[in-house]
2 protein chains.
Amino acid sequence: MDQNEKTTEDKIFEAASRIFEEKGFTGSRMQEIADRAGINKALLHYYFRTKEKLFDAVFSKLAGIMFKKLFSCLDNDLPLEQKLAMFYKEHIGFLQKHPGLPAFVFHEINRNPERIARIFSNEQVVIMRKKFYKQLDEEIEAGVIRPVDKMQLVVNIVALSVFPFAARGLVSMILGEGKMKFNDFVEDRKTLLPLFIVNALRNP
Amino acid sequence: MDQNEKTTEDKIFEAASRIFEEKGFTGSRMQEIADRAGINKALLHYYFRTKEKLFDAVFSKLAGIMFKKLFSCLDNDLPLEQKLAMFYKEHIGFLQKHPGLPAFVFHEINRNPERIARIFSNEQVVIMRKKFYKQLDEEIEAGVIRPVDKMQLVVNIVALSVFPFAARGLVSMILGEGKMKFNDFVEDRKTLLPLFIVNALRNP
DNA sequence: GTCTATAGAAGGATAGAC
DNA sequence: GTCTATCCTTCTATAGAC
């Protein structure tokens, strides 16, 4: 396929992804999606019968990307310290490319909690958790880190990378004008956060 | 005023707060607000001419409550360790009573960044920051904690209390069914997080 | 597959009686 | 202040020509 010859379906899907991610389901208009895709409304309905179905397709894709990235960043055989360094580098890098994703996903999950269950097969979580918990247990056993509640730790780790993006309107404002300051701020976190966590876990 | 004799304006305001917080501006319907308030649509417009104005009133109030609480929790003369213990106890306690507030505020700020500037006078932030930064500098000077980027630390502290609420649909799902598990989970954080932060800041 | 035109429903807002 | 009735715009969705 030629690079510049996207199918109409792809153009629609990309347009819808941007609009939905930016404005949410209820804030988005089919007309605006059609305009951005460079076609008319009727064609939207020809490809994806309803707004709901179009949204479903987009949300599944975007939420899928987000979770897949999260898990893949934690799924390797590095020792904890390197794993954290790798995680924050990769994960914050990903979020820099999709800064609106967390707030979008969180908002839409609140609007319709059932939706997520379809996408987010618990198996992925269970497997990832099992593996990562095992690693933590071993490092606790070996005395590398102090004993901790593992679920709480996972939430802490993720919170520290995701939160600034979920709240980026606020964080940006406090940091001062311009996208650049926000980007520098999260860039720094790629190296600061692994240290922060490792320190928090160090045995006394 | 009698306890059971709320004014109509109050009934509208309370109904609107619940609906807007749950569904956001674009997802909320004036009809639904009227129904919950036990009146009809026309009366909504009599009190708050437009949906936009009604939303403005609600958002200012709710966002104001959220920030005021955040700042007041950090504004005391306790030494760092006690301050953190107090902060998480108070702040998580507050969020337990308003679990939908963070996602709501973050979403609406993205939808309309100018709105927040009107509410969120930078003065509050500047004053709070100055005072808290001074305390951190003193504790660094005294060797109680290691040198850190203070802005990054503030974001970390807030991220750890707020994130589980912003993402509570997800966190709840991972924890398993039922509100109770989520509530237990965040309840534990009131005592775990101060330790986590203090450890992360300890001098080697 | 793609368009124009339009049906049909929903939602915000107002007029006017009481 | 509060209600009923209704206007008018906006939006999703479809019909039908090409």
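Chain naming here is simple, since letters A, B, ... match the order of the sequence lines and numbering starts at 1 in each.
- Phosphate proximity of D/dT14 to A/Arg49: present, with a side-chain N or O under 4.0 Å from OP1 or OP2.
- Judged by atom type and distance alone, B/Lys41 reaches the base of C/dG12 through a side-chain donor-acceptor pair under 3.5 Å.
- When heavy atoms are screened at a 4.0 angstrom cut-off, B/Thr26 is found touching no nucleic acid atom at all.
- Between B/Leu44 atom CG and D/dG1 atom P there is a gap of 15 Å when expressed in whole angstrom units.
- Taking 4.0 angstrom as the limit, A/His45 places a side-chain polar atom (N or O) nearer than this to OP1 or OP2 of D/dA13.
- Taking atom CE on B/Met30 and atom P on C/dT14, their separation rounds to 10 Å, with Å as the unit.
- Between B/Phe25 and B/Phe20, the ring-plane angle classifies as parallel under the 30° and 60° cut-offs.
- Classified by interplanar angle (parallel below 30°, tilted 30° to 60°, perpendicular above 60°), the ring pair B/Phe196/A/Phe196 is perpendicular.
- Put simply, CD on A/Glu32 is 10 Å from P on D/dT12, counting in whole angstrom units.
- Within the 4.0 Å cut-off from OP1 or OP2 of D/dT10, not a single side-chain nitrogen or oxygen of A/Arg29 is found.
- Residue A/Tyr47 places at least one side-chain N or O under 4.0 Å from the OP1 or OP2 atom of C/dT2.
- Between the CD atom of B/Glu52 and the C1' atom of C/dA13 there is a distance of 14 Å, given to the nearest Å.
- In this entry the distance linking OH of A/Tyr46 with C1' of D/dA17 reads 15 Å, nearest Å.
- Within the cation-pi definition used here (under 6.0 Å to the ring centroid, within 45° of the axis), A/Arg111 qualifies as a partner of A/Phe55.
- Taking for each of B/Thr50 and A/Thr8 the nucleotide of DNA chain C with the nearest heavy atom, the 5'-most of the two is the partner of A/Thr8.
- Defined by atom type and a distance below 3.5 Å, a donor-acceptor pair is present between the side-chain atoms of A/Asp35 and A/Gln31.
- An OP1 or OP2 oxygen of C/dC3 is reached within less than 4.0 angstrom by a side-chain nitrogen or oxygen of A/Asn40.
- Look at CG on A/Asp35: it is 11 Å from P on D/dC11, rounded to the nearest Å.
- Across the protein-nucleic acid pair, A/Phe55 atom CZ and D/dA13 atom P stand 14 Å apart, rounded to whole Å.
- Per the geometry, NZ belonging to B/Lys51 stands 8 Å off P belonging to C/dA13, to the nearest Å.
- The side chain of A/Ala42 sits closest to D/dT14 out of D/dT4, C/dA13, D/dT14.
- Checked against the 6.0 Å centroid criterion, the rings of B/Phe182 and B/Phe165 qualify as a close aromatic pair.
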